[in-house]
Amino acid sequence: MAGPNEPTFPEIAETIRRLEELLDRVPDPLAREIRQKIAHLRALLLEQRSPNLVLVGRRGAGKSSLINALFGARVAEVGHVKAQTGRGRWFDVHGELGTLSILDTRGIQEGSRPEEADEADTPLDSILAEVRRKAPDALLFLVKASEVDAAIDADLDVLAQIVSAVEQAHGLRPPLIGVATHCDLLEPKRTDLHHPDAQEPTELQEKLHHVEAVERQLREKIRSREALRGELVTVMGVSTYLSWRSDGTVRSDERWRLGELAQVLFRELPEQGRLVLARVTRVRALQEELATVLSRAMATVCMGIAVVPIPVADIVPITSAQVSLIVGIAWISGRQLDFTAAREFLTAMGLNLGAAFALREAARALVKFVFPGGGSVVSGAVAFAGTLAIGAAARGYFLRGVSADEARSLFQATRASAEANPDDSLAEGGR
Ligand SMILES: Nc1nc2c(ncn2[C@@H]2O[C@H](COP(=O)(O)OP(=O)(O)O)[C@@H](O)[C@H]2O)c(=O)[nH]1
Ligand SMILES: [Mg+2]
């Protein structure tokens, strides 16, 4: 997981600190805007942390399966028969690319064992104590699609109590997402939601109508609670079905709308939790969005710095920012957090890095590449276009796997269009 001990983040932190120093020379309305962008970059890159998710739902609703489906890997134990009535605890679920912090409320419905007296020992109380201790970023309420019309009142009570405990302890009301699981089992059963193109269209339509009906019903149930109405973000039908061979490889992947669910969740998370979610789920749309946001913010920062004409000696913080952007995009794509991926990318772009093994050295090598001709000063427009172009090429290279040639064309094309029309590029994020 990312943290202060990772090798490259100190360099990125140092780069951002130097950019802030240069900001002192930038006049005020602009400086303020740049400071906001820097705060944004700090939150996304330097302050990143695992998202905290609370899963509410009965045994068998598919809580563990949802965790596995988000990771695309078998990280949580599915379908154990025995209810765990022990105390609920936040626990870290580790995947190859990151960690989610999960509070699984299993056991709440399995009885509060009043004979064991001590009030504070009921599963519900332990859950409430946990959400007071650490604020959830989002609540996911899971119900089997076939059980939405069953009495879920008790679950809604639990949700309302969690919301109120979080509000009391942290002064915020966490967003709530309703998830109808097992949608693959709705009629017609044999119609595969995860292969829509291969289905008989009328049967697919019928199945989708069933999904919509379930979603509507679940939405109404949640909205009937005043305590939850305002927190409800959306209700979604999904299938989390994944099956594994005994060697741990995927036998069958029947997940449906998990990417969409990840996108909804992403938008509800605080910025600090977004990068980890994008890495863990490997949802391309999230990776693209985050990489675009980073590129745009970094380009604006570099432009702002260069608006005050910058002597060549001061270009290095700008190219350092550009190398940081490459490292950031490589990290989003699932690469390791060291300089290897950035080095590989810059080499593919045609840079001769020589002995460079660190961000700083690469930044110096990048000066001639991004600012050809050198000149005695760098203008804001050129710094902006160059940064956006680096971001576009890195996105192509790391997220879409384009060739070195294509990455170079992306760089040239983005730089040309951004220089010709900086406002458009700003608006569309330099595609
Ligand atoms: N077909 C199908 N089965 C699912 C789905 N989600 C979970 N399951 C199955 O439902 C059972 C209970 O799931 P589990 O994740 O252990 O539920 P939990 O008790 O809420 O953690 C397991 O056998 C899962 O394989 C789904 O979306 N579709
Ligand atoms: Mg479970």
Side-chain angles (χ1 to χ4, degrees), residues 53-95 100-111 123-124 126-127 130 138-148 150 152 154-156 158-159 162 177-196 199 207-208 210-215 217-218 235-246 248-262 264-265 281:
L53 309 177
V54 176
L55 305 186
V56 175
R58 298 180 175 187
R59 181 151 47 110
K63 298 180 295 298
S64 303
S65 302
L66 179 71
I67 297 173
N68 290 334
L70 284 171
F71 278 89
R74 192 163 53 178
V75 289
E77 212 179 316
V78 165
H80 35 169
V81 193
K82 234 175 77 187
Q84 300 209 0
T85 46
R87 310 176 113 237
R89 287 260 184 257
W90 285 107
F91 65 99
D92 284 346
V93 180
H94 301 289
L100 298 180
S101 183
I102 303 286
L103 182 58
D104 184 334
T105 62
R106 65 190 164 199
I108 284 188
Q109 303 305 335
E110 274 86 20
L124 176 59
S126 71
I127 297 288
E130 285 295 278
L139 310 180
L140 294 162
F141 177 37
L142 281 75
V143 186
K144 259 190 192 178
S146 59
E147 293 179 358
V148 170
I152 52 176
D155 310 68
L156 294 172
V158 168
L159 274 172
I162 291 176
I177 299 166
V179 184
T181 59
H182 293 76
C183 282
D184 52 314
L185 301 181
L186 292 170
E187 290 296 335
K189 248 182 205 162
R190 292 269 150 74
T191 301
D192 289 339
L193 292 166
H194 62 289
H195 286 146
Q199 308 307 308
K207 188 149 186 159
L208 291 172
H210 288 307
V211 172
E212 279 166 27
V214 163
E215 289 172 341
Q217 210 170 0
L218 181 54
V235 165
M236 278 186 66
V238 303
S239 164
T240 63
Y241 188 84
L242 269 170
S243 97
W244 282 273
R245 299 185 191 88
S246 49
T249 55
V250 172
R251 173 167 31 223
S252 156
D253 181 351
E254 300 181 15
R255 288 177 294 171
W256 178 63
R257 290 177 84 193
L258 256 291
E260 273 173 70
L261 178 60
V264 169
L265 199 49
T281 61

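It should be emphasised that the depicted structure is a prediction, and the values quoted were computed from it without experimental measurement. Note that ligands are numbered from 1 as they come in the structure, with each ligand's atoms numbered from 1 the same way.
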Provide the number and element of each atom of ligand 1 under 4.0 Å from a heavy atom of [X].
X	answer
Asp184	1 (N), 2 (C), 26 (C), 27 (O), 28 (N)
Arg58	20 (O)
Gly62	7 (C), 13 (O), 14 (P), 15 (O), 17 (O), 18 (P), 20 (O)
Lys63	15 (O), 17 (O), 18 (P), 19 (O), 20 (O), 21 (O)
Ser65	6 (N), 7 (C), 8 (N), 13 (O), 14 (P), 15 (O), 24 (C)
Arg59	19 (O)
Leu185	1 (N)
Thr240	5 (C), 6 (N), 7 (C), 26 (C), 27 (O)

Looking only at distances, please establish whether an N/O atom of ligand 1 is found under 3.5 Å from an N/O atom of [X].
X	result
Asp104	no
Ser64	yes
Gly60	yes

Go through it in stages, so that I can follow the logic: the residues are Arg257 and Val211, the test is side chain to side chain contact (heavy atoms under 4.5 Å, CB included), and I'd like the CA-CA distance, side-chain angles, deciding distance and then a yes or no.
CA-CA 12 Å; Arg257 290 177 84 193; Val211 172; 4.2 Å; yes

For [Y], does its backbone N or O pair with a side-chain atom of [X] as donor and acceptor, under 3.5 Å?
X	Y	answer
Asp253	Arg255	yes
Lys63	Asp104	no
Asp92	Ser101	no

Not counting sequence neighbours, which residues clear side-chain hydrogen bond (donor to acceptor under 3.5 Å, both in side chains) with Arg190? List them please.
none

Please name all residues satisfying side-chain hydrogen bond (donor to acceptor under 3.5 Å, both in side chains) with Thr249, sequence neighbours left out, ordered by chain then number.
Arg245, Asp247

Does any N, O or S atom of Ser65, backbone or side chain, fall under 2.8 Å from the Mg ion (ligand 2)?
no

For ligand 1, the portion of Leu142 having any non-hydrogen atom under 4.0 Å away:
neither

Taking the side chain as C-beta and beyond, is there a heavy-atom pair between Cys183 and Leu193 under 4.5 Å?
yes

Side chains of Glu77 and Ser64 in contact at under 4.5 Å (non-hydrogen atoms):
no

Sub-4.0 Å heavy-atom contact, Ser239 with ligand 1:
yes

With Glu130 as reference, evaluate Thr105, Leu103, Val54, Ile162 under the side-chain contact (heavy atoms from CB on, under 4.5 Å) test and give the passing residue.
Leu103

